[in-house]
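Inspection log for the structure reproduced underneath, given as structure tokens.
Atoms within each ligand, like the ligands themselves, are counted from 1 in listed order. Computed from a predicted structure; not experimentally measured.
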Amino acid sequence: MSKAKKLKTRFVCQQCGQDSPKWFGRCPSCEAWGTLVEEAEPTFTPGAGGGAAFGAIGASRPQRLAEIQGADVPRSPVGISELDRVLGGGLVPGSLILVGGDPGIGKSTLLLQAADRIAQRGLTVLYVTGEESARQTRMRFDRVEASAQSLWLMAETALERIEAHVEKLQPAVLIIDSVQTLFTQGIESAPGSVSQLRAVTARLMALAKGKEIATFLVGHVTKDGAIAGPRVLEHMVDTVLYFEGQRGHAFRVLRAVKNRFGSTDEIGAFEMKGTGLAEVKNPSALFLAERAHGTSGSVVAGSFEGTRPLLVEVQALVSPTVYGTPRRTAIGVDSNRVALLLAVLEKKAGLDIAGSDVFLNVAGGMRLVEPAVDMAVIAALASSHVDRPVDPHTVVFGEVGLGGEIRAVVGAQARVAEARQLGFKRVIMPANDRAQLRDEDGVQLIGARHVGEALDALF
Ligand code: TYD
Ligand code: MG
């Protein structure tokens with residue numbers, strides 16, 4: 001490059017994608033520290049790169065609405081029902097699916113297994129790995145006992161070469177592991193930078209749409225600013241799935257956070273085993289398997305995930321603060337929510353709890369996001385505080401308001417049915433939900449209007 005033509009650069013946040021002409025220690029948009037990295041401005045030459053990518057989608061003329069096929073998108077199930085559920089019933093040809101998650105959580109394993117299942121049905125699948133050699137990946141395939149004939153493997157990071165091979169092989173499904181390792185020659189920045197990531201994804205999108213290839217992109221969630229995270233791609237793709245779990249726990253949850261072809265509140269449940277990921281058909285039973293009976297602070301919450309009721313153990317430990325400000329730690333539930341519930345307990349149920357250290361944990365590494373678990377959190381906190389165990393055959397659910405009132409929740413009947421199926425004898429639930437339900441054999445249904453009422457029934 002000549003000296004006169006200076007390369008233009010800008011500073012891009014690797015967390016949220018915000019760019020600015022100046023460097024900041026803290027991103028002005030997402031407020032993350034140290035995530036701004038200098039990148040070369042993408043140079044678009046008309047007809048090449050970006051331009052060609054969009055041209056490749058084709059059908060670039062107005063069509064009558066009635067002429068366009070749509071409505072019933074054809075889907076082909078992967079054959080792993082927990083994955084198909086989250087996808088909204090199967091793979092849509094030409095769709096771009098981002099699978100995000102922490103390094104080591106099991107993204108590659110899940111996609112290796114999915115690749116094998118799809119290929120078993122005779123569809124051509126190309127698995128591109130940018131992280132390991134083909135031999136290493138082969139060893140992984142062996143570990144999960146994958147052996148399909150129409151499964152192809154390639155270790156490559158240059159997008160142009162991948163495109164060329166896709167052209168030749170014409171796969172029905174393409175898997176890119178991971179998108180952060182890929183680079184295209186048109187962009188000056190390093191692989192993994194926001195500019196590269198976006199350019200690569202735009203090209204893969206064009207490839208997917210143009211050739212009707214269902215494409216999975218693996219994206220590692222990153223903590224530091226060196227590599228851009230999958231967040232910066234969320235708006236470009238059709239479906240965003242996050243694979244979650246806690247270190248040291250075998251349980252994994254696949255969650256849809258965006259889906260143009262299905263609902264976003266479905267989850268898929270998996271367990272990491274020695275031979276890959278196994279589907280978990282009954283997550284409640286798994287979560288409750290190791291529950292300690294007769295200890296204070298342990299309560300079974302009647303939760304809901306997607307279309308499925310889920311019983312999970314919520315554990316609390318409340319102890320007097322020895323010095324300074326009380327400690328508050330919550331794992332698996334939002335800590336702001338816990339602070340709010342502690343205030344309700346203090347003010348509306350008369351418990352002297354605000355000055356205590358509070359630790360809260362959801363067993364099994366599960367993350368609970370719906371407000372219906374409020375009542376279980378309250379019950380666990382109260383149980384630990386007064387040091388009296390809750391009857392182990394009791395399930396608790398209900399949203400708690402600031403006045404201490406217990407509000408109705410969705411899916412009360414399904415929560416009760418799940419409790420009965422797993423042998424629980426008593427359900428403490430919102431009074432309004434209780435009124436809608438008939439009496440059940442073998443399960444006592446107790447409706448409560450106020451936190452105080454629920455605590456009376458519990459202790
Ligand atoms: P991996 O799929 O490589 O994670 P990611 O692609 O998200 O970075 O899985 C990583 C972990 O899973 C690794 O620590 C080993 C473990 N694992 C098993 O326990 N059983 C298995 O069969 C496989 C393939 C991996
Ligand atoms: Mg991997």
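Interface of Pro103 with ligand 1, defined as ligand atoms under 4.0 Å from a residue heavy atom, comprises 8 (O). For ligand 1, the atoms closer than 4.0 angstrom to any heavy atom of Gly276 are 20 (N), 21 (C), 22 (O). Against a heavy-atom cut-off of under 4.0 Å, Lys273 is close to the following atoms of ligand 1: 18 (C), 19 (O), 20 (N), 21 (C), 22 (O). Atoms of ligand 1 lying under 4.0 Å from any heavy atom of Thr275, numbered from 1 in the order shown and given with element: 22 (O). Numbered from 1 in the order shown, with element, the atoms of ligand 1 that lie under 4.0 Å from a heavy atom of Ser108 read 2 (O), 5 (P), 6 (O).
The neighbour count for Arg198 CZ, taken as heavy atoms of other residues, nucleotides or ligands under 6.0 Å away, is above 12. No more than 12 heavy-atom neighbours from other residues, nucleotides or ligands sit within 6.0 angstrom of CD on Gln413. The number of heavy atoms from other shown groups lying within 6.0 Å of CZ (Arg260) is above 12. Annotation for Arg426: atom CZ counts as buried by contact number, over 12 foreign heavy atoms lying within 6.0 Å. Heavy atoms of other residues, nucleotides or ligands lying less than 6.0 angstrom from CD of Gln170 number more than 12.
Neither side chain, Thr181 nor Glu131, offers a donor N or O lying under 3.5 Å from an acceptor on the other. Thr109 and Arg143 are not linked by any side-chain donor-acceptor pair at a separation below 3.5 angstrom, with hydrogens and angles left out of the test.
Taking the charged nitrogens against the carboxylate oxygens, Glu313 and Arg291 have no contact shorter than 4.0 Å, which rules out a salt bridge. A salt bridge links Glu234 with Arg231: at least one charged nitrogen is closer than 4.0 Å to a carboxylate oxygen.
Met272 SD, 3.7 Å is the protein heavy atom nearest to atom 17 (N) of ligand 1. Closest protein heavy atom to atom 4 (O) of ligand 1: Gly106 N, 3.0 Å. With hydrogens left out, the protein atom closest to atom 15 (C) of ligand 1 is Arg143 NH1, 4.4 Å, a heavy atom. Among all non-hydrogen protein atoms, the one lying nearest atom 2 (O) of ligand 1 is Thr109 OG1, 2.6 Å. In terms of protein heavy atoms, atom 11 (C) of ligand 1 is closest to Gly104 O, 3.6 Å.
Taking the six-membered ring for Trp and the full ring otherwise, the centers of Phe397 and Phe304 sit at least 6.0 Å from each other.
At a 3.5 angstrom cut-off on N or O pairs, Val144 does not count as close to ligand 1.
Looking at residues two or more places apart in sequence or on another chain, you find a side chain to side chain donor-acceptor pair (under 3.5 Å) between Ser81 and Glu279, Lys281.
Protein contacts to the Mg ion (ligand 2) involving N, O or S atoms at a distance below 2.8 Å are Ser108 OG.
Panel note: side chain Ser178, backbone Gly219; no donor-acceptor pair is recorded below 3.5 Å. Side-chain N or O atoms of Ser150 include one that pairs as donor or acceptor with a backbone N or O of Leu123 at under 3.5 Å.
Summarising the contacts of atom 3 (O) of ligand 1 with Arg140, Lys107, Arg252, the nearest heavy atom is found in Arg140.
Taking a distance limit of 4.0 Å, we find that atom 8 (O) of ligand 1 is approached by some protein heavy atom. For atom 13 (C) of ligand 1, the nearest protein heavy atom lies 4.0 Å or farther away.
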